[in-house]
Amino acid sequence: MKASSFRFSITVLLFVFLGLFALTSQVHAEQNTQQVVLESDHNAPVPGMTAEQVEQLEDTEKFTFQTEISRLMSLIINSLYKTREIFLRELISNASDALDKIRFMALTDPSALSQNSKLSISIAADPESNTITITDTGVGMTREQLKQNLGTIAKSGTSEFLSKVENSKTGEAVNQIGQFGVGFYSVFLVADKVTVASKSNDDDDQYVWSSQAVDDFVIAKDPRGNTLGRGTQITLHLKEDAKEFLDEKALRDLVTKYSEFINFPIYLWSSHEEEIIKEKETGEDSDEDDIVEENLEDDEEDKKEEDKEQVEKVTVFDWERINTQKPLWMRNAKEIEDEEYVEFYRAMAKEPSSTPLSWTHVKGEGDTEYRSIMYIPPKVDPNFFQNLAEKAHNVRLFVKRVFITDEFELFPKWLSFLKGIVDADDLPLNVSRETLQQHRALRTISKHLVKKALDMFQQLAKDEEEKYGQFFKEYGSALKYGAIESNTHRKKIAGLLRFSSSYDPTSPGVSLDSYISRMKGSQSSIFFLSGMSVEEIEQSPFLERLLARGYEVLYLTEPIDEMLIQNMPGYNGKLFANVAKGDLKFGDEDQEEALNQQQLDEEYESLQTWLKTTLAAEIDKVTLSKRLTTSPMAIVANDYGLTGHMERLMAAQGQNNKDSDMMLNFMKMQKKTLEINPKHPIIKSLAGRSIDEMDEDTKELVMVLYETTAIRSGFPLNDLNGFTKRVETIIRKGVGASLDEEVEVDVEEAPEKSEEEKKADEAYLKSDDNIVEEDEDYHLHDEL
């Protein structure tokens, strides 16, 4: 009996033990994550000073800012910076300069790196203490240097600097890159308290500078001892409205945006989740195991579950290097492979699968030194011309590999499709370091870059004709816009333009130089004709004699082409001649041809007079044509009038614009010249008739002939209904139909709405469904 009770008690205790074990396991399994710090080449972040340690500093020696801090803070907040996020850029720039200094010192004194040979910058955010800590292993500062560099504003010239900001309107630039001073004080945009711990090789002790951006600061020996070895650690105690900068992703994005190409590695204390195998818990008492084996029957399913490896997620913390991209532009162009340029473009432009059409790597020397890499993207932005009025953000401006802005327009609008990077070591900046001044150095850089871009296009056209054809297909309109806008570069741009022509109508592949090389003897003009398409131009009567005589004609099919020719009247001594306007001259006319022309004028004088009278509302004069071979007539604009193509373009652009409509109407009112072909049978027949034989039927036929000629010449008809009636009359006569007989119209009128339908409509208008549908339609229309 006792043995049985004992065995029962043991069994109960065992079940209780197993229940507690299962409950504990479940609690552990349901925990979100565990936090693990991995071992790496870099130590975990050196913790910043605690609030108690900072308060202890206030009992030490205090110093007063030499310049009124409120004045400085007012300028920082209101004048110096557009966005407060640049505080991180400023601190990283200072850290980079400190690392540069210790590296330079180590060239002559290797022992300078004895405390720490690794040169790096690290950033760690601590949401619990509401702080961000930036640490570098640079040159560090002694106690006296902390006082001079951080406490005495005038030491770095900042006092004079601020006076210029407040009083000067000349915009004289002051170079503040890489100096403690205004850049350092940007920390107070996001922090209400800042501590700077620093250790220099020139001082045995590590000191701390601390301030709350009021009137004073303190400097004291660091109560933690020498935690840095060498370098500087800045701890920002963030304001309540600046906690967004504690976010790991926000810090990573800021480093990538502003400091991606800093020479030294930048590490961010970051986290990620990993799955690990949970260790099995085993009992230490073997006797208990024996009891279990004696008193419990093995459950095969439970045993299988226990044998399975349990996996749990843990949050792992480690240093992550952010600036992995190397500043390719700082290397010698001869040492860089094409694949490296392509990969750099993909990283810079955030286009992982794109391959640029071409690029240029520039090193500017002389009064203004800079380095640059410029790329031609493979495709033009679909909204390129619509967005010309806005600032492009395709060129990133750096100073000493620190990103400054992508809003400054280093290229004119017509080259704003280029993407790239410009880095100038000695580029002067204004107070804010955000908006660049109109400085001579910047204008010089801009001029150099435009020249280098045009050289790149020329080289591409010379070396890779097929790829240049692809480039011109994408960016040809931009180059034409450049030829219109730029007097300085117009000739060079003109040499880069490509057109379709009668020599090669398949694609825009004809350059002006190649056209000139094929010009006929005595030809002094570059002939061209504009239209909506190559097919439309090829059907124009204006080409007949030119093509018959073997002259090449350029086909201009883009809307910008007519404006281009107006602003670029010639090229290399040859003037452009629109074959649809004015008096066409081939250049080989002689005296004998002039006499023959005079005889023909006398022979057709009466017909010319009759045509001018009959078509007085449409034309200004009638002449014998030098353009036509197979067509009876052509309508030609005068030298200062509108061609049919240009008239259609202006009509499309002048809609809803009163000023444009007035100008268009005025230019449309300019009468045209009617050219007749004296060799055509119709013209010969008309010339053989007397004035008395020109009856109303003849006038109608001539009017139809004029209107069909207007259509072929590209002009819209003013009286379309009249034209269709005249054509119908001709057809009636041709088929023997009566001219007076009207069409019998027999149609049934549609019935009116019934009373039931009207009531249904009224009920629908009052219903809620109708209101919802109206709102949906409204929003859809608003989005469109």
Side-chain angles (χ1 to χ4, degrees), residues 540-542 544-545 578-585 594-644 646-648 664-734 739-740:
S540 173
F542 300 121
E544 292 176 356
R545 185 172 293 274
N578 190 338
V579 299
K581 294 176 69 172
D583 185 19
L584 182 64
K585 296 185 181 298
L595 291 174
N596 293 335
Q597 186 71 25
Q598 186 177 354
Q599 292 175 359
L600 285 173
D601 285 335
E602 293 174 358
E603 182 180 346
Y604 284 85
E605 183 178 1
S606 60
L607 176 61
Q608 290 174 271
T609 303
W610 182 82
L611 287 172
K612 182 178 179 181
T613 303
T614 303
L615 303 171
E618 308 291 341
I619 61 175
D620 178 51
K621 61 181 178 179
V622 181
T623 63
L624 299 183
S625 179
K626 299 177 185 178
R627 294 175 171 83
L628 304 176
T629 56
T630 58
S631 298
M633 289 181 178
I635 300 173
V636 180
N638 61 47
D639 289 329
Y640 303 101
L642 294 177
T643 63
M646 193 64 180
E647 196 169 299
R648 282 178 291 170
L664 174 62
N665 291 332
F666 172 77
M667 299 185 77
K668 285 174 65 177
M669 288 174 61
Q670 303 299 308
K671 293 184 178 180
K672 314 297 188 295
T673 297
L674 177 65
E675 291 190 356
I676 58 177
N677 181 3
K679 301 286 183 69
H680 198 279
I682 293 178
I683 303 302
K684 286 183 177 180
S685 176
L686 289 173
R689 297 187 181 189
S690 65
I691 298 299
D692 296 335
E693 294 177 307
M694 301 295 190
D695 55 10
E696 289 299 320
D697 288 344
T698 303
K699 289 182 179 180
E700 286 294 308
L701 291 174
V702 168
M703 194 65 190
V704 171
L705 179 61
Y706 174 82
E707 288 170 331
T708 56
T709 300
I711 294 173
R712 289 196 66 200
S713 300
F715 291 98
L717 295 180
N718 295 327
D719 184 10
L720 187 59
N721 287 333
F723 170 68
T724 55
K725 287 179 181 179
R726 282 185 282 273
V727 172
E728 182 183 337
T729 299
I730 293 172
I731 295 174
R732 280 178 180 249
K733 288 180 179 180
L739 299 178
D740 300 324

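Side chains are part of it too, since the values below use all heavy atoms of this structure and drop only hydrogens, waters and symmetry mates.
- Listed here is the closest heavy atom pair of Met694 and Leu686: CE-O, 3.2 Å.
- For residues 692-707, the set of pairs meeting the salt bridge (charged side-chain N to carboxylate O under 4.0 Å, His left out) definition, not counting sequence neighbours, comprises Glu696-Lys699, Asp697-Lys733, Glu707-Arg726.
- A distance of 4.5 Å separates CD1 of Ile711 from CG of Leu717, quoted to the nearest 0.5 Å.
- With sequence neighbours left out, the side chain to side chain donor-acceptor pair (under 3.5 Å) criterion links Glu603 to no other residue.
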For residues 626-638, which side-chain N or O atoms pair as donor and acceptor with protein atoms under 3.5 Å away, sequence neighbours left out?
from: Arg627; atom 1: NE; to: Val579; atom 2: O; distance (Å): 2.6
from: Arg627; atom 1: NH1; to: Gly582; atom 2: O; distance (Å): 3.3
from: Arg627; atom 1: NH1; to: Glu675; atom 2: OE1; distance (Å): 3.2
from: Arg627; atom 1: NH1; to: Glu675; atom 2: OE2; distance (Å): 2.4
from: Arg627; atom 1: NH2; to: Lys581; atom 2: O; distance (Å): 2.9
from: Arg627; atom 1: NH2; to: Gly582; atom 2: O; distance (Å): 2.5
from: Thr630; atom 1: OG1; to: Glu544; atom 2: OE2; distance (Å): 3.0
from: Ser631; atom 1: OG; to: Glu544; atom 2: OE2; distance (Å): 2.4
from: Ser631; atom 1: OG; to: Arg712; atom 2: NH1; distance (Å): 2.8
from: Asn638; atom 1: OD1; to: Tyr640; atom 2: N; distance (Å): 2.9
from: Asn638; atom 1: OD1; to: Gly641; atom 2: N; distance (Å): 2.5

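- Rounding to the nearest 0.5 angstrom, the gap separating the CD1 atom in Ile682 from the CD1 atom in Ile676 is 12.0 Å.
- Taking CD of Glu728 as the reference point, atom CZ of Arg732 lies at 4.5 Å (rounded to 0.5 Å).
- Between the side chain of Tyr604 and the backbone N or O of Leu624 there is no donor-acceptor pair closer than 3.5 Å.
- Atom OG1 of Thr709 sits about 14.0 Å away from atom NZ of Lys672, to the nearest 0.5 Å.
- Considering all non-hydrogen atoms of both residues, Ile730 and Val704 come closest at CD1-CG2, 3.8 Å.
- Shown here are the side chain to side chain donor-acceptor pair (under 3.5 Å) partners of Asp601, two or more places apart in sequence or in another chain: there are none.
- In this structure, Phe723 and Thr708 have side chains that are in contact, with non-hydrogen atoms separated by less than 4.5 Å.
- A 4.5 Å side-chain heavy-atom check between Phe542 and Thr643 finds every atom pair outside the cut-off.
- Side-chain atoms of Lys671 come within 3.5 Å of backbone N or O of Ala616 as a donor-acceptor pair.
- Distance alone, capped at 3.5 Å, places no donor-acceptor pair between the Ser685 side chain and the Pro681 backbone.
- To the nearest 0.5 Å, the span separating CD1 on Ile619 from CG on Leu611 amounts to 6.5 Å.
- Taking Lys679 as the reference, nothing meets the side chain to side chain donor-acceptor pair (under 3.5 Å) condition, with sequence neighbours excluded.
- Checked against side chain to side chain donor-acceptor pair (under 3.5 Å), Arg545 has no partners two or more places apart in sequence or in another chain.
- Distance OG/Ser713 to OH/Tyr706: 8.5 Å, rounded to 0.5 Å.
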